[in-house]
Amino acid sequence: MSRAGGAAPPPPAVRKALEPAAPRCYRHCTAPVGARRIRSTLPGTVTVYACPGGAVSVATYAEWSRRDPSSAFRRFLVGRTLPRSLVQEVDLRGATRHGPELGLPAERALRRAASPRSVLVVYWRVYPSKDPDGTERRLFVCYRHGRAEPIFFRAPTDADRPRCPRCGPGGRTTRRTRA
Amino acid sequence: MVSPTTSARPRRLTIVLADWCPHCVPLSDRNVRRLARALKVPVRRLDIDRRAEGRIADAVVEKFGDASPDYLIPQVFLEWSDGRVEHLLTGFSEEVARTARAWKDLFASDWLRSLLAREGP
């Protein structure tokens with residue numbers, strides 16, 4: 001716990017406790033949501049919850065720390081969101097996880113720590129919105145650019161696996177993909 | 001969280017919620033009352049959509065809870081006899097079932113067991 005002023009990823013028991021049980025896609029479809037851990041240089045853990053169609057239910061950042069990690073997470077998102085203005089402070093919501101509400105293994109793991117502290121989780125949830133013409137748009141994610149480079153973008157809610165602006169209309173990607 | 005070995009005693013539970021929030025009503029509304037019965041303390045219910053209560057809720061969350069421009073609900077606080085206010089729980093944004101699990105885990109926690117053992121029957 002020496003990085004970033006004592007910030008660190010949550011202990012494994014806590015990471016497991018933070019996983020949702022059986023989440024369903026939020027206001028898009030009925031498919032189960034998959035959690036994908038994103039590589040980053042941040043001391044904590046970035047996880048994106050999205051359905052198979054790429055619709056994002058929520059993205060989270062969990063850090064074992066005494067500082068508010070919202071700004072760091074926001075910078076991470078801004079660098080991976082097109083347009084950047086899609087990342088609004090009002091859509092970032094923090095929660096402190098103390099241990100007793102995380103189950104006994106996590107509670108005990110946090111209590112055993114040399115310097116007991118809570119886990120801070122920041123949620124980024126962008127609610128669907130309507131364009132002037134009535135088209136509803138929501139947040140999608142594209143994973144075609146590497147494990148550290150999810151690209152977040154808005155697309156019509158009824159779009160089927162929409163391509164991100166970086167992929168472009170021709171479907172070019174920055175990485176080879178299997179046929 | 002405050003160690004149950006201190007001499008202070010639980011005095012009141014406060015829940016910040018909204019009636020339209022499925023993490024709040026009935027789930028957390030019911031569970032905070034159950035926790036209050038266990039701790040033998042009253043509950044203060046602060047509805048963010050009622051103007052007067054909302055102002056108090058904002059202040060409590062700002063000072064003791066998980067504050068942000070559009071903060072998460074529910075948030076639950078335990079007030080102690082020595083004046084301290086302890087943030088206990090914030091709803092889980094992922095899904096209502098996850099918030100339900102958090103309540104279940106809180107009731108089964110070492111923290112609550114120790115606190116109830118100290119408080120006696």
Side-chain angles (χ1 to χ4, degrees), chain A residues 13-14 16-26 32-33 35 47-50 56-62 68-71 73-74 88-112 116-127, chain B residues 1-5 10 15-16 21-23 27-28 31-32 35 38-39 48 60-78 85-116:
Chain A
V14 176
K16 184 166 177 54
L18 289 172
E19 291 171 2
R24 293 277 159 181
C25 189
Y26 183 78
V33 165
T47 309
V48 177
Y49 297 92
V56 176
S57 288
V58 68
T60 67
Y61 176 64
D68 179 0
S70 299
S71 298
F73 186 40
R74 187 178 181 188
Q88 300 282 330
E89 190 182 352
V90 73
D91 294 323
L92 291 165
R93 300 170 181 88
T96 310
R97 306 303 180 198
H98 302 283
E101 79 280 43
L102 296 176
L104 288 175
E107 181 186 12
R108 290 169 183 170
L110 288 176
R111 204 175 54 226
R112 275 197 305 268
R117 68 189 76 180
S118 302
V119 172
L120 303 172
V121 182
V122 183
Y123 297 88
W124 185 46
R125 189 192 288 283
V126 180
Y127 291 100
Chain B
M1 278 207 158
V2 174
S3 164
T5 57
I15 182 167
V16 173
C21 163
H23 296 259
L27 175 68
S28 297
N31 277 292
V32 79
L35 182 60
L39 295 175
I48 61 170
V60 170
V61 168
E62 180 67 36
K63 192 166 183 185
F64 305 108
D66 290 321
S68 53
D70 184 29
Y71 59 78
L72 291 169
I73 50 171
Q75 293 195 33
V76 180
F77 303 87
L78 177 58
V85 179
E86 184 179 15
H87 171 258
L88 286 188
L89 185 145
T90 291
F92 281 69
S93 193
E94 296 92 337
E95 54 177 348
V96 175
R98 184 64 192 84
T99 301
R101 198 171 95 202
W103 275 111
K104 190 175 169 191
D105 286 335
L106 185 69
F107 281 110
S109 67
D110 287 341
W111 173 79
L112 184 58
R113 197 164 32 229
S114 302
L115 182 57
L116 293 176

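By the 4.5 Å heavy-atom criterion applied to side chains, D70(B) and Q88(A) are not counted as neighbours. In this structure, the side chains of T90(B) and T96(A) stay at 4.5 Å or more apart for every pair of heavy atoms.
When all heavy atoms are compared, the tightest approach of S68(B) to G94(A) is OG-N, 4.0 Å.
The greatest number of non-hydrogen atom pairs below 4.5 Å with chain B, out of R108(A), E89(A), R93(A), R111(A), is found for R93(A). Listed options V33(A), L18(A), L92(A) were ranked by heavy-atom pairs under 4.5 angstrom with chain B; first place goes to L18(A). The candidate with the highest count of non-hydrogen atom pairs below 4.5 Å against chain B, out of A17(A), S70(A), S57(A), is A17(A).
Separation of atoms OH (Y49(A)) and OG (S93(B)) is listed at 10.5 Å; rounding is to 0.5 Å. The line from CD of E101(A) to NZ of K104(B) is 15.5 Å long, rounded to the nearest 0.5 Å.
One N or O on the side chain of E107(A) and one on the backbone of D110(B) form a donor-acceptor pair closer than 3.5 Å. Judged purely by atom type and a 3.5 angstrom limit, H87(B) has no side-chain atom pairing as donor or acceptor with the backbone of H98(A).
Looking at F92(B), the atoms closer than 4.5 Å to chain A (heavy atoms on both sides) sit in the backbone and in the side chain alike. L102(A) touches chain B through backbone and side chain together, each having a heavy atom under 4.5 Å away.
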